[in-house]
Amino acid sequence: MPELAKAYEPQQVEDRLYQKWRESGVFRANPKSARPPYSIVMPPPNITGKLTLGHVLNNTIQDILCRKARMEGKEVLWLPGTDHAGLATQTAVEKHLRQTEKKTRHDFTREKFVARVWKWKEEFGGIITKQLRKIGASCDWSRERFTLDKDYERAVQQVFVRLYNEGLIYRGTRMVNWCPGSLTAISDEEVIPTKQKGFLYYVRYELVSEGRDGSPLPSHSMLSDSGDAKGLASLPKDLTVATTRPETIMADVALAVKPGGKWAHLIGRHVWRPLHREAIPIIADEAVEEGFGTGVLKVTPAHDKTDYEIGRRHNLPVIDILTPRAKINDPGDHDAAELHGMDRFDARKRSAEMLKERGLLVKEEPYENTVGFSERANEAIEPRLSLQWFMKYPNIPEALALLRDGHVKFHPEHWTKVYEHWLENIQDWCISRQVWWGHRIPVWYSVGSRRTPGGGLPSGSGGPDYLLSGSPQATGSDQPTAARRAAATAEISPELVCQIESPGPDWVQDEDSLDTWFSSWLWAYETMRTEDGTRRKFYPTSALVTGPDIIFLWVARMLVAGLHFKPNGEKKTEAETLEANLAFKDVYFTGLIRDKQGRKLSKSLGNSPDPLDLIAKYGADGLRFGLVRIAPQGADIRFDEKQIEEGRNFCNKLWNICRFRTMHGPIDSNAEPWKHSRSIFADELLKYLHVLLEGERSALAALNQFNFSEAASQLYDFVWNDFAARFVEAAKIDFNQADSPTRAGTLATFDYVMSHVLRLLHPFAPFVTEELWCDLGFGTETIQTTLWPTQSPRPKTWSPRALWVYALADMGRQLRGEYKIPPNKKVPFQLRIKFNSTWQSDPPTENELEVLKALLNASDLKLTDLPPPPIAERNNPVPGRLVDLGDDPWLYTDFMGWISMIAIDLIDPAVERDRLTKELAKVEKDLEQTRRKLGDANMLAKAPPAKIEEWRLLEISLVEKEKSLRESLKKLEG
RNA sequence: GCGCGGUUAGCUCAGUGGUAGAGCACUACACUGACACUGUAGGGGUCACAGGUUCAAACCCUGUACCGCGCACCA
């Protein structure tokens, strides 16, 4: 047997073992296998990504599931891959090009740029998958996929065509979330609501004096306004509107008030728009809430979603005054012309100033509201009217039923509500992106009818030149307002066909690409090939492990995709079809990892430790185990490096237990402790192993219920306390005595339990367990092909005597502590056997006494005469109870009768008195509390009898303890 | 505004009706033959707050506060 190093050194082990595993092919899934399938698709990290702690946690959990399944005899497919991450990657590559070549993507043609991204991908894109190997991820790398693989791309386009033909995908001009930074639309789910401090501006809109015919006077007559207002004195001269966005005033087309509200009498009249002065009507709309601001809402259909709806309801024009880059676009000769060309935020300040100058700003007050931000560019989103592609979600009722009927389970369960809420309020999905890197939309326009940039279309997808120009939109350049309105509301329906291949030379493909998630939502099955039977074998997948932040973006959509596209086809019955096409059966949501202060880990904060550094420092197993042990189910994790250190320490503990074992002869890999006579300590450990594996609250049950931290904690406690601290210490007696009758049993127990522990820990800490498994000689190849332990019998002869010994040792050590006797000083102990105990009739064995002696570090351990029967026995108010009670409760309540220090000369009487007094005070307090309870007639009448018995017995033992303490004190004084 | 989590020792978290638990950190002691990535012992908590139910509440109910996360058209 090889001599084990003094400490576990992960660096010596990890790469070698990972190499070994890959070469052995254990990670490879065989679709032809007869074993039951188990499959997980890895949430594909972005190719731009670097490994974060979040990835480590996520993939460790997947690895735990996969390794366990492998040991359970299943055919496991863990399918890895990466995501092309459209905009994110495009942004990253552009940044790279800017830094290295001082170029933007517009210095290239689209084709050239995309080629550069591919090149970049070859160079830097695989980093994260290499890093995953460092943590021991047991994926089938031979099946690694990429969301832009040729066949995957084709599948995505097929899906688009299919949905288009089903009428579920359509093109239209809608309000979308526009990112002025990256110049593309994004979906509702990608908008991050962010609290913003700003101002609420109260702006005065003057009422237009009505002419005789009820029509507003022309705007240039403003100077004579007040004169015409005579006779209308009862009416206000103006309406005040509260707004956070004064820069959009020029796009106002109406004011809205609540129907039947306090301003109802003004409905139908007009006001002067205070910037770019024009008369606009006052309308009534239910969307207005009188409680907010002044109860008057300015209606700006081009720049607000609600306003757009109001505008539609009232047939109002749309005036768009922002360029794609969110600069003011309102050229021409008018009173706010100076704002033209300004950035929206500068324009906000300036427009407020202009209003102030004109006496139209009533007040401004600080205000905090929520503004949507884009994830990638970190820019405030502009609601923008734009021609885009949308998808109507199919199978929503069925998707809702999946969770309700238990076909799919979320862990923790409470995420179900979030899922349901989203599905119940779902809106069409904006799937087109004005991004070059990604899946092209399989739609072709005949050359004559393609969307033309200058055509007056308020679209963001007009093509690169248009987007970049930053010049005012054609919609309004030099034209009068009426023309702007007409242009903005126009819909164009160009001649188009939806198919993958080009219909011919006169056709051009749609410029847009698809939302990255439109490819990800097929990940659960499109990654699996059909030709070799992979999909038939491994789809539906068994589990999905991901963060709750993408529950809509990804999880829900994959379920919908499974329902709609039925990748495994129709089966005989509807129920079977459903089962065969679920994307996954269990979803485990990991928590978010935060730093000590509770902040999210992020690059910009610099609070994100590099997992590779942690691996170098603590080993992959230490990192994995440390992280999993503290990751409570579904809750966020506060990361502290200390916890990883604990993981490392634990691995070292395990290592040293094995190292200790190797010092006492060869391992028996098929050890059967049942065949040998065993010490009570061996049986004690076997009992705990049994408990660890069976029952509702066992580690195994926890693991099966996705409660990884609980399972890890239980294993940790078992190894450290039950195995190392107790059993190993006790085993030393046997190991050091070649002729001990229980020696063989102890060795067998050691080997048997160790083989279980290594297997149980292997999913959590694969490297150290594999290394030990092979070094110790449990197996030659890999621990992953061994059997997963599911049970271990409870020893038939088990008795609590081992517990007593351990408890006695604890007590003796306490005495040492209390008397301030150094742990290395050997002192004589005296053990007194309690009257009526098992040990009286069945005295401790040689081995038991030796163990106790060792644990106490006693120079001598003597059994002494029995003390007189305890007081409780004489005045027992519940006759007969004491005997039923068994023995061990006495152990805990009255240890002074059991063990005492014999070397009186070591004891300082002052210390002793102090100790006894303190103890007495505590006992008296407990006694008082117990007696109060027992004196409560209500309690006696209503509490369950068993509980009352418990209190009574507690009282008896406390009385006895009190008496004994008093006697000791008296003796000390006398 | 609505919904979902959370609030227990300095820290990270267990604990779901019967006198508060673990690990870490801290303090003291010990480099004893597996392990100092160790061992032994110790100090440390009105279980966020207020009501209610109950013989009995950290636990069940109601409300409040604070933290986190979703959702929502509050300009």
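These values consider heavy atoms only, across backbone and side chains, with no hydrogens, waters or symmetry-generated copies. Bear in mind the structure is a predicted one, so any value in this text is a computation, not a measurement. Naming convention: chains lettered A, B, ... in sequence-line order (proteins, then strands); numbering from 1 in each chain.
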Legend entry - Worked verdict on A/Lys617 versus A/Arg648 for side chain to side chain contact (heavy atoms under 4.5 Å, CB included): CA-CA 9 Å; A/Lys617 219 164 149 190; A/Arg648 189 245 344 231; over 6 Å; no
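A gap of 37 Å separates the P atoms of B/U62 and B/G44, to the nearest Å. For the P atom pair drawn from B/A65 and B/A14, the interatomic distance equals 25 Å after rounding to whole Å. Rounded to the nearest Å, the gap between the P atom of B/U40 and that of B/U32 is 15 Å.
Interface remark: the A/Gln714 side chain does not form any donor-acceptor pair with the B/A22 base, using a distance-only criterion of under 3.5 Å. With hydrogens and angles ignored, no donor-acceptor pair under 3.5 angstrom links the side chain of A/Gln643 to the base of B/U12. Side-chain atoms of A/Lys417 and base atoms of B/C4 include no donor and acceptor less than 3.5 Å apart.
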Using nucleotides 41-47 of chain B, report all nitrogen or oxygen pairs with the protein that are shorter than 3.5 Å.
none

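When the side-chain nitrogen and oxygen atoms of A/Trp422 are compared with OP1 and OP2 of B/C4, none of them lie within a distance under 4.0 Å. One finds no side-chain N or O of A/Lys653 lying less than 4.0 angstrom from the OP1 or OP2 phosphate oxygen of B/C37.
Note on A/Ala242: a base of the nucleic acid sits closer than 4.0 angstrom, heavy atoms only. Contact annotation for A/Arg659: backbone-only contact, meaning every heavy-atom pair under 4.0 Å involves sugar-phosphate atoms and none involves a base.
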